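I have placed the structure first, in the form of structure tokens, so that the comments after it can refer back to it.
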Amino acid sequence: MPFSNLASRLQETMKKLRGRGKLTEKDVEAALREVRLALLEADVNYRVVKDFTAKLRERAVGQEVMSSLSPAQQVIKIVNEELTALMGGTQSKIALASKPPTVIMMIGLQGAGKTTTSAKLAKMFASQGHRPLLVAADIYRPAAIKQLMVLGEQIKVPVFSMGEQNPVDISRAAVSHAKEHNNDIVIIDTAGRLHIDESLMGELKDIKENVSPHEILLIVDSMTGQEAVNVAESFNEALGIDGVILTKMDGDARGGAALSIKTVTGKPIKFATFSEKMDGLEVFHPDRMASRILGMGDVLSLIEKAEAAYDAEKAKALSEKMMTDSFTLEDFKEQLEQVKQMGPLDQLLGMMPGMGNMKQLKNLEVDESHLKKIEAIINSMTIAERRNPEIIGGSRRKRIAAGSGTRVQDVNRLLKQFNQTKQMMKQFAAFEKKGKKGKRMFSLFR
Amino acid sequence: MWRKIFSGKKQAEGANIELEQTAREDTLEEASAVKVGFFDRLKQGLTKTKDGFVGKVEQLVKGRKIDEALFEDLEEILIQADVGFETTMLLTDKIRQRVEEERISDGGEIQRLLKEEIVSLLTAHYKPLTLSTDRLASIMVVGVNGAGKTTTIGKLAYRFKQEKAKVLLGAGDTFRAAAIDQLQVWANRVGVDIVAHQEGSDPGAVAYDTVAAAKARKADVMILDTAGRLQTKTNLMAELGKVHRVVVRELGHELDEVLLVVDATTGQNALSQARLFKEAVPLTGIVLTKLDGTAKGGIILALANELELPVKLIGVGEQYTDLQDFDPEQFVEALFN
Ligand SMILES: Nc1nc2c(ncn2[C@@H]2O[C@H](COP(=O)(O)OP(=O)(O)O)[C@@H](O)[C@H]2O)c(=O)[nH]1
Ligand SMILES: [Mg+2]
């Protein structure tokens, strides 16, 4: 799992740093190293990574650190925003021709997924009430035509084929056929080819000249490595692509190719495919892709939730209590409730950068039903007990258990957890003081 | 005698022999491609890699003094070749160390050091394709969608056929549309037998029948195709494990080769592929395809380093002659000369 820990790595790196109110150059430099690494591991092209981190440095240095976030999270937030912006808004529309049929050409390397994606696209159009026509123009790969025919039958979309004749002739004939048969969309499945194969690239240019496609889509395997830039650039230079479809996204590829391609061609990624089934075509979401490239979708959503649900006033009060070591079971309950509003607790805790591997937290099994128990137990305590848990001896424990409908073990466990939490918070508080004289509030999301 | 295949560098002859058996007309047409000599193809296949990779190193180090900037440039080249961060660091650290120990100051020397380090990385766990000659030889081909499994099987069938072996193919990809037809075309082209069921049928049953037919027909070698699958799909990986178990049970022993086909264009995900496929079936090696493109194939260094999986074969085109044994020395040599 080399990827999942950009957040904790950032956390680790930035923990040693002092800049708190604003991101200092040193903060940013340390963070950028980790970001660079994460991007390279995601197969973003080296050059693209270099440019990107340079831009990031400019933007991040001197930025205010939001009170609900740590510096590391602030950096993540900026990185994510920049990545998302770079990959463009959701622009998955395919411009339909004012005078049908709209002709779409599917191009790409061998094995990228053109044939399957052609069929998926056709199915999408059909479900929107269009009358697509699939065109079998891959005359080279054995049984490629048959493959498209089988898929066409499956999705009930007609397939135009002329066997192994010249793909240019096939494409031209297909467009005429579409006009005669009232097909308003023509999807041409071309053969996979290397971008350096001049004669086969020439064939694509010929098809383009002959049928004037409205849309040329480059199909790219999301597992593609550093070469993605050269591939996309070559196809784009030769044909002028209008957009990209990223395939095989249901795997665990981080898909850095998306960023590389967008950067070098400037062309939008319109769709992504997530399944071998015919309905696996989805609109491309730059924001999700950004978190995926960073390998930390969960952390990002946590940051969002934290921003939304965090009650700054309460947190401040809590923070002060901790500084003065007067954190009580009542506070504990309140704190758990705040966290609860943000989603399933164990997940939340696990997602927290730097907290995932904290031993104390592993014992803190805070699932929802457990939380109810905790509430019941705390409610059964007297105010004195809540404020001063040390006085809770054996007989009090029995009473509390009986009162809350739990077992003595549950009460014991809660008290143990409370102590652990308190211990942990003391550590944070000490750390906080070192950082900036105890002024900044305690944040759960450190 | 088909035994010759296993003696190593005999392909040079093989590639110039024309197909004897022509099961289909299209075979004749393509036979012309066969005439291109093996070494031409190797060079053709590797020039791209050479231009991109070694060309760069050569330019980079010439007449330069060895400093941090040089190492940074070297790292850049390696990473751009998909070698991956970890393995890049491993290589450059080793070179740094040797520069110090051997008191090297001329930048030109870096190329030699890099070459040596790459060779040693690739030879550490190297093992060529090894098939039984005293009993039915067996190969199973696995990998993600579109990697080049079926094409590689076509190429292997051609190679074995050249060596006069009786080859039987098993159309184990019963999932992808027309995948069976695709393998059938290859079988016809090369002129070998094939066991195939209906699309959508149980791949375990195909595996079973393939072994049974191979035994009954006294085949020398059987090659089983499988459906492409992403390594993260646990149910499909379990299915693959099951197919493998069926083959082993029917053979009465482990297969000679369980080959993972990896597209050279793949980036760091190849590591995940190798790791997870290895968990599902006992991989014996890797076939690296599409090296005729511009992809540098540097991922094999990461695979060798992190997974100790040897590359056994490389694909350098779509013709049936476009398959070569991977020889680390020769590979790096071709890369550098
Ligand atoms: N250029 C090139 N193309 C290849 C090579 N090997 C396979 N292909 C192509 O890659 C595509 C996918 O191959 P296929 O064998 O169907 O992959 P599978 O899904 O793994 O069985 C086809 O278009 C093949 O012709 C190779 O070494 N070089
Ligand atoms: Mg196949």
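Below, chains carry the letters A, B, ... as their sequence lines are ordered, and counting in each starts from 1. Values reported hereafter were calculated over all heavy atoms of this structure, with side chains retained and with hydrogens, waters and symmetry mates removed. All of these numbers come straight from a predicted model, not from anything done at the bench.
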Minimum heavy-atom separation for [X] and [Y], please, with both atom names.
X	Y	result
A/Thr116	A/Leu151	CA-CD1, 4.0 Å
B/Ala302	B/Val83	CB-O, 3.4 Å
A/Arg36	A/Arg57	NH2-NH2, 3.9 Å

- Item | Options A/Asp221, A/Leu148, A/Asn45, A/Leu194, ranked by heavy-atom pairs under 4.5 Å with chain B, top entry |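 Ranked by contacts with chain B, first place is A/Leu194.
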- Highest number of heavy-atom pairs under 4.5 Å with chain B: which of A/Ala119, A/Gly111, A/Pro142, A/Ala143? A/Pro142
- Query: Cut-off 3.5 Å, side chains only: do B/Asn305 and B/Thr87 have a donor facing an acceptor?
  - Reply: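 The criterion, which ignores hydrogens and geometry beyond distance, is satisfied for B/Thr87 and B/Asn305.
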- Query: Tell me, side chain or backbone of A/Ile145 under 4.5 Å from chain B's heavy atoms, or both, or neither?
  - Reply: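 Nothing of A/Ile145, per the 4.5 Å heavy-atom cut-off to chain B.
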- Message: Is A/Asp197 in contact with chain B via its backbone, its side chain, both, or neither, using a 4.5 Å heavy-atom distance?
- Response: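 Neither; nothing under 4.5 Å.
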- Message: Once you measure the plane-to-plane angle for A/His195 and A/Phe235, does it fall in the parallel (<30°), tilted (30-60°) or perpendicular (>60°) bin?
- Response: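 Taking A/Phe235 first and then A/His195, their aromatic rings sit tilted (interplane angle of 30° to 60°).
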- With a 4.5 angstrom heavy-atom cut-off, could you sort out which part of B/Glu76 is near chain A: side chain, backbone, both or neither?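 Both backbone and side chain.
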- Side chain / backbone / both / neither for B/Glu318 at chain A, heavy atoms under 4.5 Å: side chain
